[in-house]
Amino acid sequence: MILLQSPSRYLLQILSNRVQNLEKGVELDCQWVEFDDIRYHIQASVKNPNVLLLSVSLPIPPPETVLFGGLPLGALEAIKAAYGVVAQILDPPRDGFNLTLKLNLSKLPPDEEHKHALLTKIASVREVVMGAPLRAVLKHLVSRTVPSDLGKPVALVHRPNESFFLVPQADKVTVIFPMRFNDSIDTVLATSFLQEFVEARRTAGLNNAPPCLWSPSAPQELKEAFTEALSANAGFVSFVIFPRHVEGRKLDRTVWNLSTFHAYVNYHVKCSECFMHTRMRRQVESLIQAPTKYCFPYGVWNCPADTKESKEHVPKI
């Protein structure tokens, strides 16, 4: 994965085409897999073309993550708040899926702009479901309260077989990311990038940004976490979120930035690696085109590039 994409372009295209061609009543049955093994299944019948069944399957979560009914914390409430009467949650979901939504296209708003915005939000169901726990915890930070049913720390689904941690307090929330990379070169580049990331936070223009810390070992807040969850070869990154970072419209942006942080780092690591490879290729090309030196018993004779004309003037040894 390079970047967490929102919304799903394929799902948005299916929904838009369905809305524009409702009178045709075409039967629909499609499955596909997107980022981090998120599996989708969408169905529609000819008898009732206004109704779509959208099923979503999440990757198998790590054992330390907190789930409620197979979904992350607060996912059901987030779906109801985002989609309203357009989507109905089916219980139980279809076999092999964590969530099944019954979409009624006849209840979409008549205004084209609002209709497209709602379809885009439906296509962003991955963001709504996966970002629900983080959003629920940060909402309590606005009111400066700590949820009584959450332990410390709280492990949330981040990527397949990985998780990140929240340490909620009344006046702040600490978000801790164990950074793992499979490639040894990526690990070195990510470690250097994260250290520079922390140093850049100290510049004068970023005083209002969340404090950022990096440590090669697990912070004290994770002393009670699973040992497997603390295997990070690129260290641990911590962000301290204060109420000013989640006020008003800042909440959505903060949730999105934290949810895609690992993808953000991975993207820049790959770009840095590609840049270095490009520089090395250019350096090799410049060395190939450099003047060639021919050695003789009595010294060194220089000639231009390795051309036919230059070889004719080279004395034989």
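In this chain, numbering begins with 1 at the start of the sequence shown. Because only heavy atoms are used, hydrogens play no part in the values below, and waters and symmetry mates are left out as well, while side chains stay in.
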Legend entry - Centroid separation F164 to F261 less than 6.0 Å: no
Legend entry - Result of checking L53, L15, V56, L101 against I42 for side chain to side chain contact (heavy atoms under 4.5 Å, CB included): L15
Legend entry - Gap between atom OG1 of T174 and atom CD of Q169 - 0.5 Å precision: 5.5 Å
Legend entry - Atom pair CD1 (I185) and NZ (K270), whose distance is rounded to the nearest 0.5 Å: 9.0 Å
Legend entry - pair L11-E34: side-chain heavy atoms closer than 4.5 Å: no
Legend entry - Y10 side chain to V33 backbone, donor-acceptor under 3.5 Å: no
Legend entry - Minimal non-hydrogen separation, P72 against L58, with atom names: CD-CD1, 3.9 Å
Legend entry - D95 atom CG: more than 12 heavy-atom contacts under 6.0 Å: no
Inset, instruction - State whether the side chain of T254 and the backbone N or O of H245 hold a donor-acceptor pair below 3.5 Å, judged by distance alone. - result: yes
Inset, instruction - For residues V154 and P133, determine if any side-chain heavy atom of one lies less than 4.5 Å from a side-chain heavy atom of the other. - result: no
Legend entry - V269 side chain near S272 side chain, heavy-atom distance below 4.5 Å: no
Inset, instruction - Report yes if some heavy atom in the side chain of V19 is under 4.5 Å from a heavy atom in the side chain of L108; otherwise report no. - result: yes
Inset, instruction - Would you name the heavy atoms of S163 and P178 that are closest together and state the gap between them? - result: O-CD, 3.6 Å
Inset, instruction - Following the transitive rule for hydrophobic clusters with a side-chain heavy-atom cut-off under 4.5 Å over Ile, Leu, Val, Met, Phe, Trp and Tyr, establish whether L141 and F242 coincide in one cluster. - result: no
Inset, instruction - Give, for atom CG of L52 and atom CG of L105, the distance between the pair rounded to the nearest 0.5 Å. - result: 4.5 Å
Legend entry - Hydrophobic cluster identity match, F97 and I79, side-chain contacts under 4.5 Å: no
Legend entry - Stepwise side-chain contact (heavy atoms from CB on, under 4.5 Å) test for V142 and L251: CA-CA 9 Å; V142 177; L251 177 61; 5.6 Å; no
Inset, instruction - Look up atom CG in N266 and atom CG in D186, then write down how far apart they are to the nearest 0.5 Å. - result: 6.5 Å
Legend entry - Nearest-0.5 Å distance that lies between atom CG in L166 and atom CG in L156: 4.5 Å
Legend entry - Shortest non-hydrogen contact from V255 toward S259: O-OG, 2.7 Å
Legend entry - Test item: W214 side-chain N/O and E196 main-chain N/O as donor-acceptor pair under 3.5 Å: no
Inset, instruction - Please check if atom CZ in R282 has more than 12 non-hydrogen atoms from other residues, nucleotides or ligands closer than 6.0 Å. - result: no
Legend entry - Criterion side-chain contact (heavy atoms from CB on, under 4.5 Å) on K139 and V246, from CA distance to verdict: CA-CA 8 Å; K139 278 186 177 180; V246 293; over 6 Å; no
Inset, instruction - Would you give the length of the straight line joining atom CG of N257 to atom CZ of F239, rounded to the nearest 0.5 angstrom? - result: 9.0 Å
Inset, instruction - Return yes when atom NE2 of H268 has more than 12 non-hydrogen atoms of other residues, nucleotides or ligands closer than 6.0 Å, and no otherwise. - result: yes
Legend entry - Carboxylate-amine/guanidinium proximity below 4.0 Å for K115 and E112: yes
Inset, instruction - Establish whether L28 and L119 are linked, either directly or via other cluster members, by ILVMFWY side-chain heavy-atom contacts under 4.5 Å. - result: yes
Inset, instruction - Apply side-chain contact (heavy atoms from CB on, under 4.5 Å) to the pair N104 and Q88, showing each step before the final yes or no. - result: CA-CA 8 Å; N104 193 340; Q88 177 186 355; over 6 Å; no
Inset, instruction - Determine the minimum heavy-atom distance between L118 and A82, stating which atoms define it. - result: CD1-O, 3.9 Å
Legend entry - Test item: L99 and P93 side chains (from C-beta on) under 4.5 Å apart, heavy atoms: no
Legend entry - Cluster link L258 to V240, ILVMFWY, side chain under 4.5 Å: no
Inset, instruction - May I ask you to decide if Q13's main-chain N or O and S16's side chain share a donor-acceptor pair within less than 3.5 Å? - result: no
Inset, instruction - Examine V198 and I241 and state if one hydrophobic cluster contains both, with Ile, Leu, Val, Met, Phe, Trp and Tyr joined whenever side-chain heavy atoms are less than 4.5 Å apart. - result: yes
Inset, instruction - With the side chain counted from C-beta on, respond yes when I14 and W32 share a heavy-atom pair under 4.5 Å apart, and no when they do not. - result: yes
Inset, instruction - Please confirm whether the backbone N or O of Q31 pairs with a side-chain atom of R39, one donor and one acceptor, at under 3.5 Å? - result: no
Inset, instruction - Taking all non-hydrogen atoms of both residues into account, name the closest pair between P243 and D171 and its distance. - result: CD-O, 3.3 Å
Legend entry - Intermediate values then yes/no, side-chain contact (heavy atoms from CB on, under 4.5 Å), V26 and R18: CA-CA 9 Å; V26 180; R18 189 70 181 184; 4.1 Å; yes
Legend entry - D29 and H41: side chain donor to acceptor below 3.5 Å: yes
Inset, instruction - For residues L103 and A87, report the shortest heavy-atom separation together with the two atoms involved. - result: CD2-CB, 3.7 Å
Inset, instruction - Measure the shortest side-chain to side-chain distance between S184 and V188 over non-hydrogen atoms and say whether it is less than 4.5 angstrom. - result: no
Inset, instruction - Check whether the ring centres of F181 and H262 lie less than 6.0 Å apart, and answer yes or no. - result: yes
